[in-house]
Amino acid sequence: MLMLSVSKLVKTYPGGVRALNGLDLTVDTPQVVTVIGSSGAGKSTLIRCINRLVEPTSGRIVLNDLDVTALSRRGLRRARRRMGMIFQEYNLVERLTVMENTLSGRLGYVNFWQAYRRKYSPPDIARAFELLHRVGLDGYEYTRADALSGGQRQRVGIARALMQQPDLLLVDEPTASLDPKTARQIMRLLCKLAHENGTPALINIHDVGLAQEFADRIVGLADGVNAFDGTADELTPEVLNAIYGEEDWSKTINRPTADSNKKMQRDGLERESAAG
Ligand code: ADP
């Protein structure tokens with residue numbers, strides 16, 4: 001069972017911006033946690049401190065038995081294999097194929113010369129095929145990344161992260177560059193695969209509706225600390241005010257419930273008309 005423990009995390013950027021201000025967070029079940037908060041609240045800094053793309057100023061991050069904050073460069077490379085990262089802008093190698101981009105998720109595991117020559121084992125290749133099937137990219141294996149749509153690129157990003165067989169998925173605004181329909185499809189896919197694999201995911205997302213609909217748990221950041229930690233149902237207007245500041249939230253929150261009510265009504269009507 002995974003255990004991620006973040007305690008008293010502080011990040012002050014050069015120039016003095018204090019992005020994280022003593023943040024505590026524990027993830028100890030394979031759940032999807034969405035992280036919401038205003039622009040500048042520290043969401044991206046949190047995700048990037050966990051894999052030390054950003055160096056924390058102080059505080060402690062422990063992944064299972066590993067104190068991530070105390071790792072040497074070499075230890076950090078090993079630790080990063082255990083954390084799959086998915087980016088807003090996909091970070092694919094444009095001139096490589098979908099298959100090559102997916103396989104590059106394994107680069108952390110193979111030695112330098114294998115990576116240099118891009119030699120992958122038959123089981124890795126079989127696994128990449130299977131993952132590309134699971135993300136809905138059958139038939140695109142040999143398409144170059146630069147020929148894909150945004151949604152397809154993010155599907156490759158998901159496959160590449162899962163190729164690592166990570167203990168934890170770190171996901172930074174996965175849908176911010178996508179249209180609303182594709183964004184929903186990508187969130188649905190990401191959360192489904194995280195659940196199927198039993199891999200916990202920490203997902204930064206600015207869309208409250210998507211955060212509510214797909215998360216098992218929502219963490220709200222404000223000014224670099226945890227202003228909320230609970231379920232979608234607990235995300236009341238008061239809580240949203242605490243996270244984002246005062247606003248009329250009546251049309252934003254509980255949208256999934258409203259949608260499912262509508263769907264139930266529609267289904268009911270259809271059943272009635274079918275029966276009639
Ligand atoms: P969010 O993801 O919630 O929008 P960020 O973590 O990106 O928030 O940023 C938190 C704060 O840290 C913001 O005030 C931002 O301007 C600042 N910040 C982020 N990255 C840097 C950086 N590399 N250098 C200086 N300040 C930064």
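Counting starts at 1 for both ligands and their atoms, in listed order. What you see below is based on every heavy atom in this structure, not just the backbone, and it leaves out hydrogens, waters and symmetry mates.
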Apply ring-ring contact (aromatic ring centres under 6.0 Å, His included) to Tyr244 and list each qualifying residue two or more places apart in sequence or on a separate chain. Trp249

Please lay out, stage by stage, how Asp248 and Ser250 fare under the test side chain to side chain donor-acceptor pair (under 3.5 Å). CA-CA 6 Å; Asp248 175 7; Ser250 55; 2.8 Å; yes

So which residues, sorted by chain and number, lie with a heavy atom under 4.0 Å of ligand 1? Tyr13, Val17, Ala19, Ser38, Ser39, Gly40, Ala41, Gly42, Lys43, Ser44, Thr45

Regarding Ser177 and Glu89, do their side chains bring together a donor and an acceptor under 3.5 Å, going by distance alone? yes

Whether Arg82 and Asp65 form a salt bridge (side-chain N of Lys/Arg under 4.0 Å from carboxylate O of Asp/Glu) is what I want to check. yes

My understanding is that only residues two or more places apart in sequence, or in another chain, count here; which of them pass side chain to side chain contact (heavy atoms under 4.5 Å, CB included) with Glu196? Arg134, Lys192, Leu193

Sorted by chain and number, sequence neighbours left out, side chain to side chain contact (heavy atoms under 4.5 Å, CB included) with Glu94 holds for Asp146, Arg153

